[in-house]
Amino acid sequence: MAKNLLIVESPAKAKTIEGYLGKDFLVKSSYGHIRDLVKTDDAIDVDNGFKQKYEVPSDKKAVVSELKKLSKEAETVWLASDEDREGEAISWHLYETLGLKEDKTKRIVFHEITKPAILKAIEQPRGIDFNLVNAQQARRVLDRLVGFELSPVLWRKVKPSLSAGRVQSVAVRLIVEREREINRFQAEASFKIVAQFTTGKGKEQFKAELPQRFEKKEEAEKFLQDCIAAAFEISSLEKRPTKRNPAAPFTTSTLQQEASRKLGFSVARTMQVAQRLYEAGRITYMRTDSVNLSDTAIQAAEDEIVKAYGDKYHKMRRYKTKSAGAQEAHEAIRPTYFSQHSIDGDNAERRLYELIWKRAIASQMSEAEFEKTTAKIHVSTRSEELVATGEIMRFDGFLKVYIESTDDENDGAIDDEGGNALLPPLEKGQSLNLKALTATERFSRPPARYTEASLVKKLEELGIGRPSTYAPTISTIQNRGYVVKEDRDGKERQYKVLHIADGKVVEDTKTEITGAERSKMFPTDIGMLVNDFLVEHFNDIVDYHFTAKVEKEFDEIAQGDKEWTAMLNDFYGPFHDGIEDTLENADRATNERSLGTDPATGKPVSVRVGRFGPLVQIGSADDEEKPRFASLRKGQMIETITFDEAMDLFKLPKKVGEFEDKEMTVAIGRFGPYIRHASAFYSLPKGMDPMDVTEEEAIQIIKDKRQRDIEKVIRVFDENPDAQIENGRWGPFIRFGKQNLKIPKGTEVEKITYEDVLKWAAADPKASKAKAPAKKATAKKTTKAKAKK
DNA sequence: CAGTGAGCGAGCTTCCGCTTGACTT
């Protein structure tokens, strides 16, 4: 039996370390926290110094009993969880739960998984730092108190099953407030002047731009008019060297942002793929807020850069974290072996690895050098000067491997920047020929909606949440129905372009699409309602700086400068009073809005959130005649819907005619407009307005869909026509009544028998799922019966 | 993918942070 048991948090880490330590050490993992507060309301005894009731959750029982057994057999137990607040608490919980003895337990820490770092850590053991543990307890207790007292207030005052918390509620608030900023935003138009010149002798062309814009079309027109007969001359010429530095290697948050921008991954996907790379030993730990590289990594990167690109591409750099809340228990995310420029694996794994490799390598490379040329151009008839810029790269440096992207949003505007990669040779005083001149109407842009990744970035800036919780938080606020990640169509907008033709200023009107969004975070009506309620009654908690404020106090506790129960007392008193006061005195939250009167009936029209979502209502429940209802559609919100838009909702579903003796109706559902015919649904082709569909068009759509369905069928089984093999989006599958069955890998489609289908159908988990509701219903009955007794 | 939208009211919901793995498509 091994003399030493060393416990870390992650099994992949355990495997690596075991290799460094030899057979005297058995290295095991705790799989994160092994204990948590009980899930019931008595988890914290507020009146008794916030005493906590912990339990080992069922999925951790096996780990705990194994560790308990091994720790009894070991001479020394080494607690090697991470060097931060949560890690220290994990060590303490292990100590308590495993029943360890002080004289045979040692606490060690290291923040890089290298042999020297670990050997050094083992030479410097210490005891458990109880100040740090207390800081974690304060954090844990505060989060539980906030979450479990705030959420029930929402159940009472808004809707059951809702949730609120220190992190998620601020995330929702950011999205709600951004949406309102966008709604309030008024685009301002201005005219941007771009000129195209040729040099006297050569045919070489380049662009120049007027730095200022004209607010009025008349001013732009006058400028163009003045330029028709003007002479143009270079008034000044300046050459200036510039440099660009590489970005720091990835943290969790920056990896999520870049993978979102460059690979189109959701934050959850990024973490899944990174986890696989980590477990395969390809990269270092993926949940980190540190930009630090270990000395061995810095050396390995240098070796690789010098070998692959040469000495002049290398520059050793150390990065410092910019985020206030960083705890830096790990290294930055980097490849374990820099010599591996790429790896085997699936497509996602290869691309994410490549991104990580490039970013980490680039972070140790020399800066890129540019020469920026700025030419000012005098216009003989005007006081303003046009400016032409050109930038050429003198040395590519880190750009040889990595270009960082930006969050710069483009709302479909035409890219008519006046920049040039290269300017032709120019001299001061040189006269130029005007080739073309345009004034284009441009509009100021509203703030950009958040993507999952830009929301993570914002949360990190505010110090809210941790690397391990960014992805789950984004999921939570979507699962609760507070926000949705969606595409939205843009609207057409017209803009004017002035240019010179045949010595005259000519005006054109062009059309662009503006406001189209892809995979952006939108608040829902319920998200807005809950947010407004929390802001009104619990402003302190949903304040953007609440976390930063309590984090400062947790730090003081960790330093031993503050008592953790005192901190919680100061917080809990006023907070709990607010809860009581709100439960007693606050009205039920509502976002009902009156839109006006229906001209046809004279009845009031209003919008609100109903049991099945946001709706418009004509008439009131007190009327003799029943009120009419219609659900709002994607993109429509209670706060912004207009009277006309609301009334339009009652125009559908609409009858469009008959086909095969059955009525056809057109309506709009969750996936867009469709035709309903004899209990079947047929989507309308994109771009077709459901209001103008004719009987003939509808019939054609039905016939087309039937034809496509027939073409999809590969084979129908003789034994049962309800069983057939079809071509689906991801290849062939079996349709068996209402069940869709996967064809096992390696099966030849031609050889599938009806017996196979029956066998697979019975093994399909969905088949048992269909029975599940019945079971649930009986379970419910028994609890009800019990309750009655 | 529709339409549904009352009122009664038992029993349930919920936090954040540390880990994977067992599920689904």
Side-chain angles (χ1 to χ4, degrees), chain A residues 8-14 29-37 39-41 43-44 57 59-60 63 81-82 84-90 93 136 139-156 159-169 272 275-276 278-279 285 287 327 329 464-470 472-473 476 480 541 547 608-617 621 626-631 634 652-653 665 667-676 679-684 728-730 733 740 742 765-766 769 780 783-788:
Chain A
V8 293
E9 292 178 36
S10 147
K13 207 192 240 185
S29 157
S30 73
Y31 293 81
H33 274 293
I34 50 144
R35 276 208 305 194
D36 193 14
L37 293 172
K39 283 183 238 2
T40 44
D41 285 343
I44 296 155
D59 59 331
K60 290 289 164 64
V63 182
S81 50
D82 295 346
D84 59 14
R85 212 162 58 201
E86 298 297 327
E88 203 67 23
I90 288 173
H93 281 302
Q136 192 273 348
R139 199 279 306 155
R140 181 68 190 92
V141 169
L142 181 133
D143 281 336
R144 167 57 70 85
L145 291 172
V146 168
F148 275 39
E149 293 210 10
L150 223 41
S151 300
V153 176
L154 296 180
W155 306 343
R156 283 271 298 278
K159 210 176 106 169
S161 302
L162 295 174
S163 66
R166 174 175 61 81
V167 173
Q168 59 168 286
S169 296
Q272 275 167 18
Q275 176 86 31
R276 294 207 298 269
Y278 168 66
E279 284 168 12
Y285 197 55
R287 290 186 274 263
Q327 308 197 0
I464 299 171
R466 303 280 311 129
S468 66
T469 60
Y470 294 138
T473 300
T476 299
R480 295 270 174 279
I541 309 295
T547 291
R608 65 187 162 89
V609 177
R611 202 148 52 105
F612 306 110
L615 60 88
V616 194
Q617 178 173 351
K626 273 193 174 175
R628 297 165 65 205
F629 298 97
S631 294
K634 178 180 163 185
L652 291 171
T665 42
I668 296 184
R670 217 168 87 62
F671 302 139
Y674 65 90
I675 294 163
R676 187 169 186 197
S679 76
F681 299 90
Y682 303 88
S683 299
L684 288 194
R729 259 180 83 177
W730 298 288
F733 70 99
N740 288 345
K742 207 155 85 176
K766 268 195 183 156
K769 234 184 201 174
K780 229 178 185 178
T783 51
K784 233 180 191 176
K786 264 186 206 165
K788 269 184 187 167

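Just so you know, these numbers come straight off a predicted model, no measurement behind them. By convention in this document, chain letters (A, B, ...) are assigned in the order of the sequence lines, proteins followed by strands, and residues within each chain are numbered from 1.
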Ring centres within less than 5.5 Å and planes less than 30° apart: is that true of A:F148 and B:dT14 in this structure?
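By the stated criterion, A:F148 and B:dT14 stack.
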Under the salt bridge (charged side-chain N to carboxylate O under 4.0 Å, His left out) test, which residues partner A:R480, sequence neighbours left out?
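With neighbours one apart ignored, the set is empty.
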Once you round it to whole Å, what is the distance between [atom2] of [N] and [atom1] of [X]?
X: A:L154; N: B:dC15; atom1: CG; atom2: C1'; value: 12 Å
X: A:E149; N: B:dT13; atom1: CD; atom2: C1'; value: 16 Å
X: A:D41; N: B:dC15; atom1: CG; atom2: C1'; value: 12 Å
X: A:R480; N: B:dC12; atom1: CZ; atom2: P; value: 17 Å

Interface polar pairs with nucleotides 16-19 of chain B, N/O, under 3.5 angstrom:
from   : atom 1 : to     : atom 2 : distance (Å)
B:dC16 : OP1    : A:V167 : N      : 3.0
B:dC16 : OP1    : A:Q168 : N      : 3.0
B:dC16 : OP2    : A:Q168 : NE2    : 3.3
B:dC16 : O4'    : A:D143 : OD2    : 3.2
B:dC16 : O3'    : A:R166 : NH2    : 3.0
B:dC16 : O2     : A:R139 : NH1    : 2.9
B:dG17 : OP1    : A:R166 : NH2    : 3.0
B:dG17 : OP2    : A:T469 : OG1    : 2.9
B:dG17 : O4'    : A:R139 : NH2    : 3.4
B:dC18 : OP2    : A:S468 : OG     : 2.6
B:dC18 : O5'    : A:S468 : OG     : 3.4
B:dC18 : O3'    : A:E9   : OE1    : 3.2
B:dC18 : O2     : A:H33  : N      : 2.6
B:dT19 : OP1    : A:Y285 : OH     : 2.5
B:dT19 : OP2    : A:Y285 : OH     : 2.7
B:dT19 : OP2    : A:R287 : NE     : 3.0
B:dT19 : O5'    : A:Y285 : OH     : 3.3
B:dT19 : O4'    : A:G32  : N      : 3.4

Output all residues satisfying side-chain contact (heavy atoms from CB on, under 4.5 Å) with A:Q272, sequence neighbours left out; order by chain, then residue number.
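Counting only residues at least two positions away or on another chain, A:Q272 forms no side-chain contact (heavy atoms from CB on, under 4.5 Å).
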According to side-chain contact (heavy atoms from CB on, under 4.5 Å), who are the partners of A:V616, at least two apart in sequence or on a separate chain?
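So A:V616 forms a side-chain contact (heavy atoms from CB on, under 4.5 Å) with A:V605, A:V607, A:L632, A:A646, A:L649, A:F650.
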Heavy-atom pair of closest approach, residues A:A164 and A:S151:
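Scanning both residues completely, I find the closest heavy atoms to be N-OG, 3.1 Å.
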State, to 0.1 Å, how close A:A667 and A:P653 come at their nearest heavy-atom pair, and which atoms those are.
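Where A:A667 meets A:P653 most closely, the heavy atoms are CB-CB, 3.7 Å.
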What distance separates A:D84 CG from A:Q136 CD, expressed to the nearest 0.5 Å?
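Rounded to the nearest 0.5 Å, the CG-CD separation comes out at 9.5 Å.
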Can you check whether A:I34 reaches A:I90 side chain to side chain, under 4.5 Å on heavy atoms?
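Sidechains of A:I90 and A:I34: no contact.
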Is there side-chain contact between A:V167 and A:T469, with at least one heavy-atom pair below 4.5 Å?
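With C-beta onward as the side chain, the pair stays apart.
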Pair pattern of DNA chain B in dot-bracket, where unpaired bases get dots and | marks partners in another strand, Watson-Crick or G-U under 3.5 angstrom
.........................
Does a donor on one side chain sit under 3.5 Å from an acceptor on the other, for A:R676 and A:Y674?
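Per modelled atom types, A:R676 and A:Y674 side chains form no pair under 3.5 Å.
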Return the 5'-most residue of the pair A:L37, A:E279 with respect to DNA chain B, ranking by each residue's nearest nucleotide.
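The residue mapped nearer the 5' terminus is A:L37.
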A:E9 side chain to A:D82 backbone, donor-acceptor under 3.5 Å:
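Side chain of A:E9 to backbone of A:D82: a pair is present.
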Does the A:K13 side chain pair with the main chain of A:Y285, one donor and one acceptor, at a distance under 3.5 Å?
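Not confirmed, A:K13 side chain does not pair with A:Y285 backbone.
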Could you list all N or O pairs between the protein and nucleotides 3-6 of chain B that sit under 3.5 Å apart?
from  : atom 1 : to     : atom 2 : distance (Å)
B:dG5 : N2     : A:F612 : N      : 3.2

Can you find a donor-acceptor pair, distance only, under 3.5 Å between A:S163 side chain and B:dT14 base?
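It does not, because no donor-acceptor pair links the side chain of A:S163 to the base of B:dT14 below 3.5 Å.
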With rounding to the closest Å, how many angstrom separate the C1' atoms on B:dG9 and B:dT13?
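Approximately 16 Å lies between the C1' atom of B:dG9 and that of B:dT13.
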